[in-house]
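As a basis for the values below, the full set of heavy atoms in this structure was taken, side chains included, without hydrogen atoms, waters or symmetry mates. We name chains A, B, ... by the order of the sequence lines, and we start the count at 1 in each one. Small disclaimer: the values here were computed from a predicted structure and weren't measured.
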Amino acid sequence: MHMADALLSPTVGAAMWAVSAGGVALCSARLCRERDDRLAPLMGVLGGFLFAAQMINFSIPGTGSSGHLTGGLLLAILLGPSAALLTVASVLMIQAFFFADGGLLALGCNIFNLGIVPALLVYPLCYRRLIGTAPGRLRETVVTFVSALLAMQLGALSVVLETAASGISALPLDKFLLLMQPIHLAIGLVEGAVTLAVVSFLRKARPELLARQSGPSATSTRLTLAGCLICALLIAGGLSRFASVKPDGLEWSVAKLTGATSLPEHRAGLPALLTALQHKTARFPEYQIAPAAAPGQAPAAASTAPQGMAVAGKGSGVAGAVGTVITVLLVAGAALILRRSGRAAVAPEA
Amino acid sequence: MASVHGALLDLKRLDLLARGGTSLHRLDPRAKVLATLVFIVCVVSFGPYQLSALIPFFIFPACLIAAGRLPAGYLAGKVALVAPFAVAVGICNPFFDRGILLHLGPLEVSGGWVSFASIVVRTALTVTAALTLTALTGFAPICRALVRLGMPKTFAMQLLFLYRYLFVLAEEAGRASRARELRSFGRKGKGLASYASLLGHLLLRTWQRAERMHMAMLARGYTGTFLAAECGRFGARELLFVLFWSALCIIMRLYNGAELLGSLVTGYLS
Amino acid sequence: MSHHILEIDHLRHVYPDGTEALREVSFSVCHGESVAVIGANGAGKSTLLAHLNGHLLPHSGEVRIGHVPVCRTNLDEARRTVGMVFQDPDDQLFMPTVYEDVAFGPLNLGLSGPELQNCVAGALRRVDAEHLAGKAPYHLSAGEKRRVAIATVLSMSPDILVMDEPTNGLDPYARRQLIGFLKDFHHSKIITSHDLDMVLEVCERTVVLSQGVVRADGPTLEIFRDEALLRECRLEKPLSMQGCPVCGT
Amino acid sequence: MSHHILEIDHLRHVYPDGTEALREVSFSVCHGESVAVIGANGAGKSTLLAHLNGHLLPHSGEVRIGHVPVCRTNLDEARRTVGMVFQDPDDQLFMPTVYEDVAFGPLNLGLSGPELQNCVAGALRRVDAEHLAGKAPYHLSAGEKRRVAIATVLSMSPDILVMDEPTNGLDPYARRQLIGFLKDFHHSKIITSHDLDMVLEVCERTVVLSQGVVRADGPTLEIFRDEALLRECRLEKPLSMQGCPVCGT
Ligand SMILES: Nc1ncnc2c1ncn2[C@@H]1O[C@H](COP(=O)(O)OP(=O)(O)OP(=O)(O)O)[C@@H](O)[C@H]1O
Ligand SMILES: Nc1ncnc2c1ncn2[C@@H]1O[C@H](COP(=O)(O)OP(=O)(O)OP(=O)(O)O)[C@@H](O)[C@H]1O
Ligand SMILES: [Mg+2]
Ligand SMILES: [Mg+2]
């Protein structure tokens, strides 16, 4: 359930980038402070493990389909929340760059859905609270299942919210929810089962590995606070989109919020660039998105859409189509010429 | 386990492409990362019903692929395979959004179809841009570029380690899952029990490998921080590259080139 | 003509990245024969073995087991007939205990109850590892792991045993034990190895692979006497044959 | 008395799970000497090597490098003096390119600029791998990986070179190349291996380890002539000493 660039609006994308960059920065700083030099190679290879594990499937009995491990919760149990977040984020980043799984803008959303949710929200707030210090068999089973389910449900929920807030998909919010949540109920159960099985395998084979994480974490309260803040940011960002009729409302609120969190990554680097660009483009009339929940009124909505449709009046559909074809031809031609000339230029050198 | 192999080969292939010697390859990675980000933001900032305005954007990946001498067919094939989620969600649009939006002669096109097509085109654009960036730059340089654009160093190190051991571990996992497949006739043996146990073994071996790696790193003076050996230069060429493509993307964002061209031509004809 | 014959016929394999790992490989194995496939690093040995049980499918040419070409539709049959022992036993042992691991294949073939137990016990007995049944694979020594890996394959009573570098990482005693076991085992066998002394003892016939082509195929001793051929293929005489004062050099 | 001497003195190591991997190990290495440590699987060879650069610390007894005991406070010094080449080169090559990998150690030692470049180029030249500098480790063959792994260690100009099973998985040609390189290399060396023929060629002295104790220590040839000792320690004569299998002498 990777979020994809094509379903995202730049505002939502930038907001989620900011949130995820903040999370990654926070966790990097924490790890830097801990200075456990064993952690660098361990996180690296466990990321590789996660990646490799996701390529192995198992068949889910009775359905004929197959599943695999997402791993956010498992890594949090093994490495602690900060290292787990960085590891999941790095796997997602490789997937974005090499398999274009998701995409570069959607990376922020994906890190949030699959990394921050299980590692910084569910693990400290649910798993650690419930599991206690010396859990029995039953308790461990129940808590692991509940945590995995919760992580999956929250992840799926944020996919839905992000998609809806972006407004590219016409899928109504309620239908989308009804589609996503039950599917992820099943996936969450499977995730819980695999996590539990792997943890108990490790407990039998190398108990000392799990002992590392069983002590109470001193910084968990701060992490929890950070989690709450992030959550608030998300909800504020998502809801303000729905609440505000004024298209600029979200940009304004996000800019204000990201400014207020005063994490350095928000002002420097990519997110700032994204928001700045968004501000520039937003000076021109923003297209009102047709209210997806009211499909019958689409023509009316279209007529209110200020620009795109205004040019695309009745007759100009043809003009658009002709123009599209010509543009494609032009692009292809340019590429061919470039390739030829490139070859000609390179050939004498070589 | 064809997928393990396929994914690995794609990785290796992109990695090999990144070692090409064109001037685009030599450009400082930061320039390419910045230009690609501007491009993607411009593309996704269009409204859901805009289709023709997206088309001119193909000029960016097309030029990079051509000038970087990348295999266009291979990249196109990869683009066709990815983003099933976006397409799956997008295909719902025609069902929920039936209002007629366009008339192409006698053909009436509903808003849902237009926005679906728009989603597909966006997917193609963003995915091609990301893959082109990787194929022109390579992963390690991208990481270094991101560090110099503000990414935390701990995270960058983590990315480099991951990338290095991806190959080793994925091959290990591929062999293990192949061994399981050879002895599970049909799908019977591929249930949860053997899956979890296989993962457990893999995790154990991974952990032992991490311990050995740590030993190797300590043996060579590792103290918890990584020192960078080389760094590129962000010169005039890089600046020009970024400015040119950003300007072009923003212009294409503001003026619908295809539409203008089309009305010009149809205006002539009628 | 025997049923258990294996024929490799003009086999060619190109990896998706364009590496032509096998270019033109043809040979066949009779019932009960022991064949070694030797060659330098990257000669294509492991690639060839992966074709025998249909893990890789040929680009052109074919592999026939008992005159039936291996293809997508009869993979299960091929996998039961050809028992594959991997180079690294860790890849092959993935269940929590040795017993479960050896039972994994037969269970999937539909055995159960006492039949299953007999089958597992028999396989473990043949490799002399009955006492290990209850242990976890990660607690075994290198030699024990190797023997158990062989048992997991034997429990499916394959007709042909295929092994990739079986003596790798074993100490001299465990290696000797394995050689003894392989000599006693009167099945068809195909073995790849860089341990040419083991090849000399276990296999009566040797196929030399070099850059994806069969460079030579004949009685093991004859091949090992041809120094020019060996040198060309980045090989050398088995160590025990180097500098024998009685015969040659 | 030389400065570069390595002394292992009543070394004992118990793993956290209670396995007593080393019970009582004592021997010492002089400047310029090549010592092989041989023994069965699980005899404790790798555990012993891990003590030499302080990755594991002894339960009792000590390891002295140049008369200074290795302990928590002088680990850095010990690690610079003892260059360790691992059994699996993949564990050792962890940077994106060969150049960066070889430069990793010198960088941490504080070299930079042309000094660094010279050091890296020199190390790569010594293992004949200059042309590989720009490659990624996962694009190398088994023999190339091994050579680069040695270069990563040489670049720190260690006083003692320690190698764990260096010929494992190499084809005969690459193995011969490695042996040639090791013979030319006039440093102190400690090598563990199951490849006793390589030991015979490279090391003038051999230590036999068995179940965590030193069973024998002496000139290599003498040790390999003592068949009773070898049999007891799950070893056997090097293959080239075992008599020719062809003419049966
Ligand atoms: N998955 C793969 N993709 C691309 N090329 C591959 C792949 N696997 C192997 N090769 C290449 O195919 C050739 C043959 O490889 P193979 O593993 O069969 O050699 P081998 O004879 O088993 O070598 P070794 O003795 O080192 O095990 C090599 O050049 C190798 O680099
Ligand atoms: N991390 C560990 N925890 C517990 N026991 C271990 C660990 N590593 C090794 N051992 C045990 O210590 C003993 C010595 O192991 P070691 O790896 O040193 O043997 P070795 O001589 O290197 O064997 P090989 O020739 O197979 O490499 C073995 O019995 C092994 O099972
Ligand atoms: Mg092989
Ligand atoms: Mg060892």
Side-chain angles (χ1 to χ4, degrees), chain A residues 4-8 10 24-25 28 31 35 37-38 41-45 47-49 52-53 55-56 58-59 86 90 97-98 100 103-105 168-171 194 197-198 201 205 268-269 277 281 287 295 298-299 302 308 311 314 317 319-324 326-327 331 335 338-339 342, chain B residues 4 40-41 44-45 47-48 50 52 55-56 58-59 62 66-67 82-83 86 89 92-93 96-97 99 101-104 111 119 122-123 126-127 130-131 134 149-150 152 154-155 158-159 161-162 165-166 169-170 173 177 187 190 195-196 199-200 206 210 213-214 224 258-259 261-263 266:
Chain A
D5 273 0
L7 298 176
L8 264 186
V24 168
S28 299
L31 288 184
R35 295 195 66 86
D37 61 357
R38 261 178 320 171
L42 190 57
M43 280 159 55
V45 289
F49 163 77
M55 298 206 276
I56 306 176
F58 65 94
S59 52
L86 290 198
S90 66
F97 273 105
F98 281 89
L104 299 189
L105 190 70
I168 305 291
S169 162
L171 205 58
V194 175
V198 172
F201 179 93
L277 220 124
T281 54
Y287 319 110
V311 184
K314 289 267 166 185
V322 171
T324 302
I326 297 176
T327 316
V331 168
L338 204 59
R339 178 148 242 173
Chain B
V4 176
I40 289 179
V41 169
V44 297
S45 69
Q50 291 205 305
S52 57
I55 302 299
F58 275 107
I59 190 76
V82 293
V89 172
C92 298
N93 284 9
F96 291 102
D97 183 358
L101 199 65
L102 268 186
H103 295 270
L104 283 176
I119 288 179
R122 279 156 201 265
T123 306
T126 51
V127 167
L131 288 180
T134 315
L149 291 170
T154 323
F155 186 53
Q158 150 70 10
L159 278 172
F161 266 129
L162 168 60
Y165 282 95
L166 209 58
L169 292 175
S177 95
R187 305 191 65 85
K190 298 174 83 175
Y195 176 76
L199 277 194
T206 305
M213 273 168 67
H214 183 235
E259 195 83 46
L261 206 64
S263 28
T266 44

Hey, are the side chains of B/Thr126 and A/Leu105 touching, using non-hydrogen atoms and a 4.5 Å cut-off?
-> no
Please flag which part of A/Leu8 lies under 4.5 Å from any non-hydrogen atom of chain B: side chain, backbone, both or neither.
-> backbone
CZ (B/Phe161) and CG (A/Leu42) are apart, to the nearest 0.5 Å, by 10.5 Å
For chain A, find which of B/Leu162, B/Thr154, B/Leu261 contributes the most heavy-atom pairs closer than 4.5 angstrom.
-> B/Leu162
Go through the structure and list residues passing ring-ring contact (aromatic ring centres under 6.0 Å, His included) with A/Phe201, not counting sequence neighbours.
-> B/His201, C/Tyr138
Contact part of B/Ile40 toward chain A, heavy-atom cut-off under 4.5 Å: side chain, backbone, both or neither?
-> side chain
A/Val198 and B/Leu199 have their tightest heavy-atom pair at CG2-CB, 3.9 Å
Identify which of A/Ala197, A/Gly47, A/Gly48 forms the greatest number of heavy-atom pairs closer than 4.5 Å to chain B.
-> A/Gly48
